[in-house]
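What you see is a predicted model, and the numbers here were worked out from it, not measured in a lab. Side chains included, hydrogens not; waters and symmetry mates left out as well; all remaining heavy atoms used.
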Amino acid sequence: MLKDVIWRHIARKNETLCKACAHEAIRRHFGRELRFADLLPCAFNITWCSAFEELLPWDEPLPPGELEQWQRAFATAERLIGNRKAMEEAQQ
């Protein structure tokens with residue numbers, strides 16, 4: 001998931017882009033590659049988004065206050081992963 005400020009420049013509000021199209025749109029509009037700072041600090045990006053791991057290590061300092069948002073997202077992701085594992089184990 002991209003930050004709204006990035007998304008508004010590359011797609012319509014309710015549009016869906018595949019990974020390749022999003023990367024190309026960022027190159028076309030911003031003249032650069034996708035950056036970690038473009039990602040929304042959320043559990044989805046940590047647990048399901050391949051771009052998250054591809055962009056590590058972070059290529060630039062985080063904006064003020066964003067570290068706390070990523071820390072909360074990591075805590076949420078850990079709970080989600082723990083809950084998912086518990087559900088899988090219960091089904092076995």
Side-chain angles (χ1 to χ4, degrees):
M1 294 179 71
L2 300 174
K3 292 178 180 172
D4 289 342
V5 68
I6 301 296
W7 190 256
R8 281 192 296 266
H9 289 288
I10 67 166
R12 292 183 303 275
K13 184 177 181 177
N14 295 321
E15 187 175 8
T16 302
L17 297 178
C18 71
K19 180 180 172 181
C21 292
H23 279 267
E24 179 56 32
I26 287 172
R27 276 189 223 102
R28 191 174 51 251
H29 184 79
F30 294 104
R32 63 169 175 81
E33 296 298 320
L34 175 69
R35 296 178 182 158
F36 184 84
D38 297 333
L39 298 177
L40 189 67
C42 65
F44 175 85
N45 281 339
I46 294 166
T47 55
W48 293 285
C49 177
S50 62
F52 179 81
E53 290 182 2
E54 292 170 9
L55 296 173
L56 289 175
W58 300 324
D59 55 357
E60 56 195 44
L62 293 172
E66 201 165 296
L67 178 59
E68 290 178 17
Q69 293 173 353
W70 278 109
Q71 289 170 334
R72 285 193 301 274
F74 270 102
T76 301
E78 287 176 355
R79 283 193 305 277
L80 290 172
I81 291 168
N83 289 343
R84 184 172 37 185
K85 285 182 181 176
M87 288 173 44
E88 288 171 358
E89 290 172 2
Q91 291 175 353
Q92 294 176 354

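- With sequence neighbours excluded, the residues forming a side-chain contact (heavy atoms from CB on, under 4.5 Å) with Q71 are L67, E68, listed by chain and number.
- Atom CD of Q69 sits about 8.0 Å away from atom CG of L40, to the nearest 0.5 Å.
- Heavy atoms only, all atoms of each residue included: L34 and H23 are closest at CD2-CE1, 3.7 Å.
- In plain terms, the two heavy atoms of I10 and A22 that are nearest each other are CD1-O, 4.2 Å.
- Taken from OG1 in T76 to CZ in F44, the straight-line distance is 14.5 Å, to the nearest 0.5 Å.
- For the atom pair CD (E24) and CD (E33), the distance works out to 9.0 Å, reported to the nearest 0.5 Å.
- Residue N45 comes nearest to L39 through the heavy atom pair ND2-CB, 3.7 Å, listed as atom of the first residue, atom of the second, then distance.
- Atom CZ of R35 and atom CD1 of I6 lie 8.5 Å apart (nearest 0.5 Å).
- Under the salt bridge (Lys or Arg N to Asp or Glu O under 4.0 Å) criterion, the residue pairs touching residues 36-48 are R32-D38, with sequence neighbours excluded.
- For A11, the side-chain contact (heavy atoms from CB on, under 4.5 Å) partners two or more places apart in sequence, or in a different chain, are W7, E15, L17.
- Here the closest heavy-atom approach between residue I46 and residue W70 is recorded as CG1-CZ3, 3.8 Å.
- In terms of heavy-atom proximity, A73 sits nearest to P41 at CB-C, 4.0 Å.
- Atoms CG and CZ, from L2 and R8 in turn, are 12.0 Å apart once rounded to the nearest 0.5 Å.
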